[in-house]
S.K.: 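I'd like to ask some things about the structure below.
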Amino acid sequence: MFLGIVFGSTVFTRPKTIRQYKLIPLWSWGTIICCQDWSLLKENFLNCILLLPAGALLPAIVNHKVKWYQALLVGIAISATIEFCQLIFMRGLFEWDDMIHNGLGCMVGCLLANLQINGDEEV
């Protein structure tokens, strides 16, 4: 259900535009540093938060701890699916940065959930 909401808000509720893409990884950070574009910094932060809940749900879905790199890969895979849908359906900007930031957010969510599992085991 969570991923349905994410796909709806990032792909299917956006207006159709021309096909757009940025193929330079981490281009947003160059713009943030060079031009002090704080709105782009906010967008990067929000992209990290977007899949944080998905990462937090991972250990519960598989019923055990998930390694950080597995959560990162799951987040990147989910985000790649979103980005390719945006590209195919012309509903947003395809960019590597979103995949990186979404993956990091998924990883952080998973790490936080793993901490909770550690806390439960010690009780």
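The chain is numbered in sequence order, starting from 1.
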S.K.: Looking at residues at least two apart in the chain, or sitting in another chain, which of them share a ring pair (Phe, Tyr, Trp, His ring centres under 6.0 Å) with Phe2?
M.R.: none

S.K.: Hey, what do you get for CD1 (Ile5) to OG1 (Thr10), rounding to the nearest 0.5 Å?
M.R.: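 Nearest 0.5 Å value for the CD1-OG1 distance: 11.5 Å.
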
S.K.: Is there a path of hydrophobic side-chain contacts, each under 4.5 Å between heavy atoms of I, L, V, M, F, W or Y residues, that connects Ile78 with Ile88?
M.R.: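 In one cluster with Ile78: Ile88, yes.
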
S.K.: Tell me which donor-acceptor pairs under 3.5 Å the side chains of residues 99-112 have, and how far apart each pair is, sequence neighbours excluded?
M.R.:
| residue | atom | partner | partner atom | Å |
| --- | --- | --- | --- | --- |
| His101 | ND1 | Asp97 | O | 2.8 |
| His101 | NE2 | Trp29 | NE1 | 2.9 |
| Asn102 | OD1 | Ser79 | OG | 2.7 |
| Asn102 | ND2 | Asn47 | O | 2.6 |

S.K.: Within a radius of less than 6.0 Å around OH of Tyr21, do more than 12 heavy atoms belonging to other residues, nucleotides or ligands occur?
M.R.: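 Counting other residues, nucleotides and ligands, OH of Tyr21 stays at 12 neighbours or fewer.
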
S.K.: Hey, does the side chain of Arg19 reach the backbone of Met90 with a donor-acceptor pair shorter than 3.5 angstrom?
M.R.: no

S.K.: Are there over 12 heavy-atom neighbours, none belonging to Ile24, within less than 6.0 Å of that residue's CD1?
M.R.: no

S.K.: Which distance, rounded to the nearest 0.5 Å, do you find between the CG of Asp98 and the CD of Glu83?
M.R.: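 Output value for this atom pair is 4.5 Å.
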
S.K.: May I ask whether Leu58 and Leu73 are part of the same hydrophobic cluster, defined by side-chain heavy atoms of I, L, V, M, F, W, Y residues being less than 4.5 angstrom apart, directly or through others?
M.R.: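 Shared cluster, no.
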
S.K.: How many angstroms lie between OG in Ser9 and CD1 in Ile82, if you round to the nearest 0.5 Å?
M.R.: 7.5 Å

S.K.: Let me check something: do Leu51 and Phe12 share a hydrophobic cluster, defined by ILVMFWY side-chain heavy atoms less than 4.5 Å apart, either directly or through other members?
M.R.: yes

S.K.: Would you confirm whether Arg91, through its side chain, and Arg14, through its main-chain N or O, come within 3.5 Å as a donor-acceptor pair?
M.R.: yes

S.K.: Side chain to side chain contact (heavy atoms under 4.5 Å, CB included) between Trp27 and Glu95: does it pass, once the steps are laid out?
M.R.: CA-CA 9 Å; Trp27 70 270; Glu95 57 178 316; 2.8 Å; yes

S.K.: Where do Leu23 and Phe94 land on the side chain to side chain contact (heavy atoms under 4.5 Å, CB included) test, with the steps shown first?
M.R.: CA-CA 8 Å; Leu23 300 179; Phe94 173 93; 4.0 Å; yes

S.K.: Give a yes or no on whether Leu50 and Phe45 share a hydrophobic cluster (residues Ile, Leu, Val, Met, Phe, Trp, Tyr; joining criterion: side-chain heavy atoms under 4.5 Å apart).
M.R.: no

S.K.: Heavy atoms, side chains only, cut-off 4.5 Å: are Phe7 and Thr81 in contact?
M.R.: yes

S.K.: Starting at CG of Leu40, measure out to CD1 of Ile32 and round the result to the nearest 0.5 Å.
M.R.: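 Interatomic distance, Leu40 CG to Ile32 CD1, rounded to 0.5 Å: 4.5 Å.
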
S.K.: Among the clusters formed by ILVMFWY side chains lying less than 4.5 Å apart, do Ile117 and Val62 turn up in the same one?
M.R.: no

S.K.: Once ring-ring contact (aromatic ring centres under 6.0 Å, His included) is applied, what residue pairs with a partner in residues 54-78 remain, sequence neighbours excluded?
M.R.: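 Non-adjacent pairs meeting ring-ring contact (aromatic ring centres under 6.0 Å, His included): zero.
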
S.K.: Nearest 0.5 Å, what's the CG-CG distance between Leu93 and Leu87?
M.R.: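 If we round to the nearest 0.5 Å, Leu93:CG and Leu87:CG are 9.5 Å apart.
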
S.K.: With a 3.5 Å distance limit and no angle check, can you tell me whether Gln86 reaches the backbone of Val11 through a side-chain donor-acceptor pair?
M.R.: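 Side chain of Gln86 to backbone of Val11: no pair is present.
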
